[in-house]
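The chain is numbered in sequence order, starting from 1. Read the numbers this way: they start at 1 and go in the same order the structure lists the ligands and their atoms.
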Amino acid sequence: MNVRELMQVAPVIPVLVIDDVASAKPLAEALVKGGLRVLEITLRTPVALDAIKAMTDIEGAIVGVGTALDGDDLKRAQDHGAVFAVSPGYTAELGKAANDISMPLLPGIMSAADIMRARDGGFKEVKFFPAAQSGGPTMLKALGGPFTETVFCPTGGINVDTAKDYLSLSNVLCVGGSWVAPRSMVEAGDWEGITALASQCMSLK
Ligand code: 3PG
């Protein structure tokens with residue numbers, strides 16, 4: 001799947017921070033059961049790569065890496081089974097590294113200049129990060145003026161109540177967020193609760 005296709009699988013891409021690798025499989029199962037198949041596992045904990053590997057066993061799950069900062073991150077994640085990558089920002093080096101290993105990349109942008117640099121690298125599907133803190137839906141509407149071909153996955157500070165405002169924009173294909181898998185619910189093993197939050201996302205668009 002290319003990035004645009006990945007962005008259209010479901011209205012929400014859960015952004016996951018996994019502290020305990022034992023929670024990886026049940027968490028992925030719970031999210032997929034609720035309808036959210038595209039999962040972003042952030043490289044922010046020591047077990048992140050093992051969690052990616054574990055989640056690839058779950059039928060229906062499309063597992064990617066988040067917080068990818070450089071080519072090494074992309075390569076390590078790909079070696080552990082990640083099939084796409086998300087980065088908080090964009091550099092030409094990262095774009096080239098992704099192309100070199102054929103890793104679909106959803107790079108982060110926060111400004112018109114960022115979008116132009118990503119476009120120079122061939123990236124017209126981008127993550128708007130941090131979305132709420134950087135102007136939210138009104139900013140995306142404004143960016144839609146000059147950048148008619150670019151589509152966005154806003155992420156950062158979004159919740160179930162604000163997601164609709166983003167998803168109603170024509171240049172937004174999906175949103176990302178951690179609210180669907182709160183750390184407290186993961187720690188408590190509340191998989192049914194997480195499935196319920198995922199199901200709620202499916203009716204957003
Ligand atoms: C992140 O990379 O931290 C994501 O943007 C998630 O943001 P959120 O926790 O505000 O949803």
for atom 2 (O) of ligand 1, nearest protein heavy atom and its distance come out as R44 NH2, 2.6 Å
Let's go through Q200 and L197 carefully: what are the C-alpha distance in whole Å and the side-chain angles of both, what is the deciding distance for side chain to side chain contact (heavy atoms under 4.5 Å, CB included) to 0.1 Å, and is it a yes or a no? CA-CA 5 Å; Q200 197 181 29; L197 289 178; 3.7 Å; yes
Separation between CG (D120) and CE (M116), nearest 0.5 Å, reads 7.0 Å
Here the atoms of ligand 1 under 4.0 Å from any heavy atom belonging to F129 are 1 (C), 2 (O), 5 (O)
CE of M7 to NZ of K127, rounded to nearest 0.5 Å, is 11.5 Å
When distances are taken from atom 11 (O) of ligand 1, the protein heavy atom at minimum range is S178 N, 2.9 Å
Per side chain to side chain contact (heavy atoms under 4.5 Å, CB included), F152 is matched among V175, I109, L169, L106 by I109
Q.
Any atom of ligand 1 sitting under 4.0 Å from a heavy atom of Q133?
A. no
Ligand 1 atoms nearer than 4.0 angstrom to some heavy atom of K127 are 2 (O)
Separation between SG (C174) and CD (E125), nearest 0.5 Å, reads 10.5 Å
CG of D190 to CD of E192, rounded to nearest 0.5 Å, is 7.5 Å
field: Any E40 heavy atom less than 4.0 Å from ligand 1
entry: no
Check your understanding: Non-hydrogen atoms of G157 versus ligand 1: any pair closer than 4.0 Å?
Key -> yes
Of all protein heavy atoms, the one nearest atom 7 (O) of ligand 1 is G156 CA, 3.5 Å
Of all protein heavy atoms, the one nearest atom 4 (C) of ligand 1 is T155 CG2, 3.5 Å
Counting from 1 in the order shown, the ligand 1 atoms closer than 4.0 Å to a non-hydrogen atom of G177 are 11 (O)
Original post:
Got a salt bridge between K75 and D72, using NZ or NE/NH1/NH2 to carboxylate O under 4.0 Å?
Top reply: no
